[in-house]
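Scroll down for the structure; my scribbles are underneath it.
We name chains A, B, ... by the order of the sequence lines, and we start the count at 1 in each one.
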2 protein chains.
Amino acid sequence: MRRESLQVLLWRRAQEPHAHRWSLPGGRLRDDEDVEASIRRQLAEKVDVRKLAHVEQLAVFSAPDRVPGGRIVASAFLGLIPCDVDPEVPEDTAWYPVDDLPDTAFDHEAIVRRAQGRLRAKLSYTNLGFALAPPEFTISALRGLYSAALGYRVAATNLQRVLSRRGLLEPTGHTSPPGPSGGRPAALFRFTGHGMLVTDPFAVLRPPSRGSGGDVR
Amino acid sequence: MRRESLQVLLWRRAQEPHAHRWSLPGGRLRDDEDVEASIRRQLAEKVDVRKLAHVEQLAVFSAPDRVPGGRIVASAFLGLIPCDVDPEVPEDTAWYPVDDLPDTAFDHEAIVRRAQGRLRAKLSYTNLGFALAPPEFTISALRGLYSAALGYRVAATNLQRVLSRRGLLEPTGHTSPPGPSGGRPAALFRFTGHGMLVTDPFAVLRPPSRGSGGDVR
DNA sequence: CCCGGTTTTCGCCTTATAATCGAAAACGTG
DNA sequence: CACGTTTTCGATTATAAGGCGAAAACCGGG
């Protein structure tokens with residue numbers, strides 16, 4: 001999240017194929033690392049990895065002709081950085097809004113689309129928001145963040161209650177000073193769960209409540 | 001689904017490493033195919049691929065030591081076969097209940113666990129059930145299928161209405177003859193959507209209804 | 001120091017969807 | 001033709017999400 005829009009880190013390729021075009025950070029897998037260790041290592045050369053709040057596998061992209069002149073299979077990841085950090089990036093990299101990408105190398109635009117879809121889906125049924133939010137935030141700030149990432153406006157009132165009913169939100173007790181034009185000072189909140197991804201406290205088609213237990217047929 | 005339990009096709013390895021142990025079907029990726037084409041080709045040697053109702057990427061397993069004596073990265077898939085087909089399988093393969101696996105080669109048990117979790121999650125918020133169900137089925141049969149796959153009992157009444165409200169279920173007009181002990185004949189249903197996966201008609205934190213449109217901040 | 005403007009917060013109400021319960025329908029059997 | 005069985009359906013309850021407006025808490029300016 002930069003300047004209220006969802007952005008992605010791109011890197012200008014130096015070598016052929018697709019030299020000078022924008023591509024996602026990445027590189028070859030070494031023999032002594034798994035794919036997640038590899039992407040963290042690749043990323044470390046571009047940006048401070050300690051800023052990464054969340055990393056998860058996305059999908060494998062393996063069309064035989066996705067990279068001209070050689071068979072390359074890509075294992076794509078989704079990685080998130082909180083909106084309050086502004087990492088230094090090298091000269092040959094830049095942030096681009098996901099909705100306004102430049103010409104990208106290979107199938108990297110498709111990968112970004114897939115990542116965007118995954119983020120949208122998980123924002124609404126997990127606590128993945130913690131990976132984009134700062135340690136403390138106001139409900140308004142969180143609303144702006146969710147709105148930008150989801151692509152539609154969400155109501156602050158509802159957002160607060162949905163998240164707190166699920167036990168994902170917790171008031172810190174502090175308040176944020178009001179803006180230049182006045183207004184009531186906003187209470188500060190944080191995500192519970194210590195930065196862990198709370199996967200599914202959710203299930204449509206739930207197990208029966210008054211469980212008579214026993215067999216499952 | 002075989003004999004009212006969720007089962008997985010395993011293949012007894014002929015060669016080292018891990019010779020004679022049970023493993024998931026698979027093999028090496030060729031230069032002219034993507035990973036999905038590859039798994040379909042590998043599977044064609046074991047079972048009639050036309051029986052496959054659904055195939056989706058699961059995850060990459062890439063720990064450096066997951067296969068002794070050589071670096072192998074696995075792209076795992078989830079594939080589903082309707083419960084009414086009983087495919088012929090070769091001598092060296094067998095079906096095992098996912099909850100009662102034999103000793104498996106490599107990390108294949110972890111892969112099965114991951115697949116089971118994915119199936120459970122998607123059953124409740126997509127129409128993935130069509131991939132396990134026969135073309136026509138009674139609500140009771142569908143209930144048994146869901147119960148076995150989810151691991152807990154679901155109510156037939158509720159299942160029917162949840163699925164039909166989402167527009168996933170459709171009566172065929174036919175009825176099934178009652179069982180040996182009598183009872184009212186059951187109406188037959190089918191899934192709508194022609195075997196396509198209806199992904200997310202679902203989103204907690206929805207877009208506003210009476211959209212005032214406009215900006216998204 | 002009062003007053004309008006601004007932003008946040010909170011309670012109440014409406015809507016949407018899922019779960020539960022029980023009665024009625026439709027069948028075989030003795 | 002009564003009885004047990006299984007399915008089906010309507011009515012009711014429970015739970016969660018969305019909407020709205022009033023009150024709270026701050027600013028700045030007359």
Side chain to side chain donor-acceptor pair (under 3.5 Å) filter on Arg12(A), not counting sequence neighbours, yields none

Rounded to whole Å, CG of Leu169(B) lies from C1' of dT8(D) at a distance of 14 Å

Atom OH of Tyr125(B) and atom C1' of dT17(C) are separated, to the nearest Å, by 19 Å

From OH of Tyr146(B) across to C1' of dA19(C) the rounded distance in Å is 17 Å

Per atom distances to the Arg161(A) side chain, the nearest of dA17(D), dG11(C), dC10(C) is dG11(C)

Just checking Ala186(B): base, sugar-phosphate only, or nothing, at a heavy-atom cut-off of under 4.0 Å?
-> sugar-phosphate

In whole angstroms, the gap separating C1' of dA17(D) from CZ of Arg143(A) amounts to 17 Å

Considering every strand and a 4.0 Å limit on heavy-atom distances, what is the contact class for Ser140(B): base, sugar-phosphate, or nothing? sugar-phosphate

Arg165(B) has its side chain closest, among dT17(C), dC10(C), dA17(D), to dT17(C)

Hits for side chain to side chain contact (heavy atoms under 4.5 Å, CB included) against Thr172(A), two or more places apart or cross-chain, chain-then-number order -> Glu136(A), His174(A), Leu188(A), Arg190(A)

Here the distance between atom C1' of dA16(D) and atom CG of Leu168(A), to the nearest Å, is 14 Å

Applying side chain to side chain contact (heavy atoms under 4.5 Å, CB included) to Val67(B) and not counting sequence neighbours gives Pro17(B), Ile72(B), Phe106(B)

Q) With under 30° as parallel and over 60° as perpendicular, where do the rings of Tyr125(A) and Tyr125(B) fit, or are they tilted in between? A) tilted

Checklist entry - Aromatic rings Phe191(B) and Phe137(B): how do their planes relate, parallel, tilted or perpendicular, breaks at 30° and 60°? => result tilted

Gln160(A) atom CD is separated from dG11(C) atom C1', nearest whole Å, by 12 Å

List the atom pairs, with distances to 0.1 Å, where a side-chain N or O of residues 110-118 of chain A and a protein N or O form a donor-acceptor pair under 3.5 Å, not counting sequence neighbours.
from, atom 1, to, atom 2, distance (Å)
Arg113(A), NH1, Val98(A), O, 3.2
Arg113(A), NH1, Gln116(A), OE1, 2.9
Arg113(A), NH2, Val98(A), O, 3.1
Gln116(A), NE2, Asp99(A), OD1, 3.3
Arg118(A), NH1, Glu56(A), OE2, 2.6
Arg118(A), NH1, Gln57(A), O, 3.0
Arg118(A), NH2, Leu58(A), O, 2.9

Residues passing the side chain to side chain contact (heavy atoms under 4.5 Å, CB included) test with Val89(A), sequence neighbours excluded, are Leu9(A), Thr93(A), Trp95(A)

Arg153(B) CZ to dA19(C) P, in whole Å, measures 15 Å

Under 4.0 Å between any heavy atoms, over every strand shown, what does Ala187(A) touch: base, sugar-phosphate, or nothing? Just pick one. sugar-phosphate

Protein and nucleotides 27-30 of chain C: nitrogen or oxygen contacts under 3.5 angstrom:
from, atom 1, to, atom 2, distance (Å)
dC27(C), O2, Gly183(B), N, 3.1

Asn158(B) atom CG is separated from dT7(D) atom P, nearest whole Å, by 17 Å

